J.: 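My structure is below; once you've seen it, I'll send some questions.
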Amino acid sequence: MGKIGVIGCGYVGLVTGVCLAELGNDVVCGDIDQKKIDGLSIGISPIYEPELQPILEQNLRQEKVSFTTDLDQVIREADILFIAVGTPTTAIGTSDLSQVNSVIDRIVSTAVDEKIVVMKSTVPVGTGDKFCQFFGCNGLSHISYVSNPEFLREGQAVHDFMVPDRVVIGGGGSGAVERIAKLYDSFEVPFIYTSTTNAELIKYASNAFLATKISFINEIANLCDEVGADVSVVAEGMGHDPRINPYFLRAGIGYGGSCFPKDVKALKQLAGHNGYHFELLSTVIEVNEMQKTRPVQKLRKHLGELYGRNIGVLGLTFKPHTDDIRESVGIDVVKLLQFEGARVIAFDPLGMDHAKKVLTGVEFVGDPYKVADGVEAIVIATEDPFYTELDWQQILEVMANPLVIDGRNILNPDSLPEGIILDQIGRGVRIVSSGSDYRDTQDVALNSLRKAS
Ligand code: UGA
């Protein structure tokens, strides 16, 4: 069996490379970032991803995986070349393919023997067809092209690679598809063999559908707040219908990350460029943007003007168990609070170093309890179970107001100390009282806050 090359050592490339090595392949990973490669070569991962570190170290020790900045070496040594470079959003919402194009150029100019190019990066629908045509028209029949989209969630990427829901392989001809399928031989899941165009659209449509589910349940949550319903019960009741299913129905302050915001916008743009106005996606995006403002709206309802007020924020990454702050709602919440003139004290268990690079004027504290010190409210911006385990009595004692805006609905009012005013997304406002008898009318909570201040 030949060697596998992976070009691009970001989340997707690194996880793909290390996991392919773990499956028994010889893998060489390339990236132009010297610092990243120096670290990886001695087993230091540039990203935090659960389960990655031990298999990285083990496969390095067993010489199943290696890292280099010499991309020509990767192209020469490997006969299967995974491309996993970034496809960021341009100013007009399309995908920037410059990194992908430059890797393809390099493969074309370096490869002399048979190569299978496997696209892992999320590329616009039609990209595979264009590359296949280009290879065909330029006498590059030794290069085959396969689209093999990834469905990895950050924070669970190793698990998602090793235990996928499905494997999608797009392309055809010259045994390339069969060779790529063989890499995933041990997975007992559905394999979808199709065209590159279908494979590309499966990726976008999956992410766009998940984002739609989130925006939908968030709108239901906002309605729940108005009519006095509880979105977690509503979502549970909906989710028992297998046609709906219970996943991705967690209401909150919107989706973030390096994938959903980018991919939903790119799909909308792609539709537009092909003469179709994808109305639904415009609304999904708009609902998500509005949802990020919910904490500020709620705080204003409780406290009035936010100018000069001290607000604590717990959570700066786009989701728990990652240090990734790309398109993070927590970061946006901080910026919105600052725009209102509030002073922000913030904590995150993993993302603080990155957050410091993009936020100014924030007091970062290395201890979640310090976020509470003297603040008039706390906003929880990520769904991190860590926050449910905090000693909320201790937090309550040092807060100026007992107000908690739980932007991810992670706190259980029954486990909170008496006196906390808990405002969740689509679950109303509750003053936690002794026993399980808390009241859920906003007026009661507001009156109590007024008394307190
Ligand atoms: C997402 C998809 O879930 C993966 O299948 C896909 O492979 C990946 O994008 C990608 O395209 O590479 P990821 O961005 O890592 O994965 O994160 P998710 O766990 O999907 O969460 C995304 C955002 O949605 C987070 O901000 C999360 O807080 C939010 N979310 C998720 C909700 O607000 N409600 C939910 O019910 C679920």
Side-chain angles (χ1 to χ4, degrees), residues 8 10-16 47-50 84-89 95 119-123 148-161 163-168 199-200 202-222 231-232 234-236 238-239 244-267 284-285 287-289 291-292 294 315-333 351 380-385 406-410 424-426:
Y11 276 95
V12 172
L14 184 55
V15 171
T16 301
I47 53 161
Y48 173 77
E49 188 61 42
V85 292
T87 52
T89 312
S95 297
M119 190 58 73
K120 272 281 169 201
S121 302
T122 302
V123 291
N148 175 216
E150 55 83 19
F151 302 101
L152 310 177
R153 287 163 297 178
E154 279 182 33
Q156 279 158 279
V158 172
H159 170 269
D160 287 351
F161 189 97
V163 193
D165 299 318
R166 76 289 211 192
V167 174
V168 175
E200 289 158 353
I202 287 170
K203 168 68 189 186
Y204 276 108
S206 300
N207 273 2
F209 185 74
L210 292 170
T212 304
K213 269 188 113 172
I214 298 171
S215 278
F216 181 84
I217 201 65
N218 284 342
E219 290 230 274
I220 293 290
N222 298 344
V231 72
S232 48
V234 174
E236 191 194 341
M238 290 165 63
I244 298 174
N245 85 44
Y247 308 110
F248 269 67
L249 287 180
R250 300 190 308 275
I253 51 176
Y255 60 79
S258 63
C259 303
F260 285 171
K262 168 176 83 76
D263 291 352
V264 179
K265 280 184 205 141
L267 185 57
V284 169
I285 294 165
V287 168
N288 198 56
E289 286 308 308
Q291 202 64 14
K292 295 175 186 176
R294 292 300 278 184
L316 299 167
T317 53
F318 84 96
K319 67 179 197 181
H321 313 306
T322 174
D323 59 356
D324 195 342
I325 56 153
R326 285 177 291 175
E327 299 272 344
S328 165
V329 178
I331 298 283
D332 285 338
V333 166
I380 300 177
T382 52
E383 203 180 357
D384 197 329
D406 178 5
R408 296 292 177 184
N409 293 352
I410 54 168
Q424 296 182 299
I425 307 296

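Just so we're clear, the structure is a prediction, and the values are computed from it rather than from any experiment. Counting convention: from 1, in listed order, for ligands and their atoms alike.
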J.: With atom 20 (O) of ligand 1 as the reference point, say which of F248, Y255, Y247 has the nearest heavy atom.
T.: F248

J.: Could you tell me which atoms of ligand 1, counted from 1 in the order shown, lie closer than 4.0 angstrom to a heavy atom of N207?
T.: 2 (C), 6 (C), 9 (O), 10 (C), 11 (O)

J.: Give the residue, atom name and distance (to 0.1 Å) of the protein heavy atom nearest atom 12 (O) of ligand 1.
T.: E150 OE2, 2.7 Å

J.: Heavy atoms only: which of F151, F260, Y11 is nearest to atom 5 (O) of ligand 1?
T.: F151

J.: Give me the atom names and distance for the closest heavy-atom approach of I217 to L249.
T.: CG1-O, 3.4 Å

J.: Looking at atom 9 (O) of ligand 1, what's its closest protein heavy atom, distance included?
T.: C259 CB, 3.2 Å

J.: To the nearest 0.5 angstrom, please state how far the CG atom of D323 sits from the CD1 atom of I47.
T.: 7.5 Å

J.: Any chance you could measure I202, atom CD1, to F151, atom CZ, to the nearest 0.5 Å?
T.: 6.5 Å

J.: If we ignore hydrogens and angles and just use 3.5 Å, is the side chain of E49 paired with the main-chain N or O of A157 as donor and acceptor?
T.: yes

J.: Heavy-atom contact check, 4.0 Å cutoff: does G252 meet ligand 1?
T.: no

J.: Checking K319 side chain against E154 main chain: does a donor-acceptor pair fall under 3.5 Å?
T.: yes

J.: Please state which protein non-hydrogen atom is closest to atom 25 (C) of ligand 1 and give its distance, to 0.1 Å?
T.: F318 O, 3.5 Å

J.: Looking at atom 32 (C) of ligand 1, what's its closest protein heavy atom, distance included?
T.: I214 CD1, 3.6 Å

J.: Find all atoms of ligand 1 within a distance of less than 4.0 Å from any non-hydrogen atom belonging to L249, and give their numbers and elements.
T.: 36 (O)

J.: In Å, rounded to the nearest 0.5 Å, how long is the span from OH of Y255 to CD1 of I285?
T.: 5.5 Å

J.: Pick, from Q291, E327, R250, the option with the minimum heavy-atom distance to atom 34 (N) of ligand 1.
T.: R250

J.: Answer with yes or no whether K203 contacts ligand 1, where contact means a heavy atom under 4.0 Å from a ligand atom.
T.: yes

J.: Starting from atom 6 (C) of ligand 1, find the nearest protein heavy-atom neighbour and note its residue, name and distance.
T.: L152 O, 3.4 Å

J.: Has K120 got a side-chain atom pairing as donor or acceptor with N148's backbone, closer than 3.5 angstrom?
T.: yes

J.: Let me confirm one number: the OG1-NZ distance from T122 to K203, rounded to the nearest 0.5 Å.
T.: 4.0 Å

J.: Quick one: does K319 get an N or O within less than 3.5 Å of an N or O on ligand 1?
T.: yes

J.: CZ of F216 to CE of M238: how many Å apart, nearest 0.5 Å?
T.: 5.0 Å

J.: To check your reading of the model: name the closest protein heavy atom to atom 15 (O) of ligand 1, its residue, and the distance in Å.
T.: E154 N, 2.6 Å

J.: Counting both backbone and side chain atoms, is some N or O of R153 under 3.5 Å from an N or O of ligand 1?
T.: no

J.: What distance do T87 atom OG1 and D263 atom CG have between them, rounded to the nearest 0.5 Å?
T.: 7.0 Å

J.: Find all atoms of ligand 1 within a distance of less than 4.0 Å from any non-hydrogen atom belonging to R408, and give their numbers and elements.
T.: 28 (O), 33 (O)

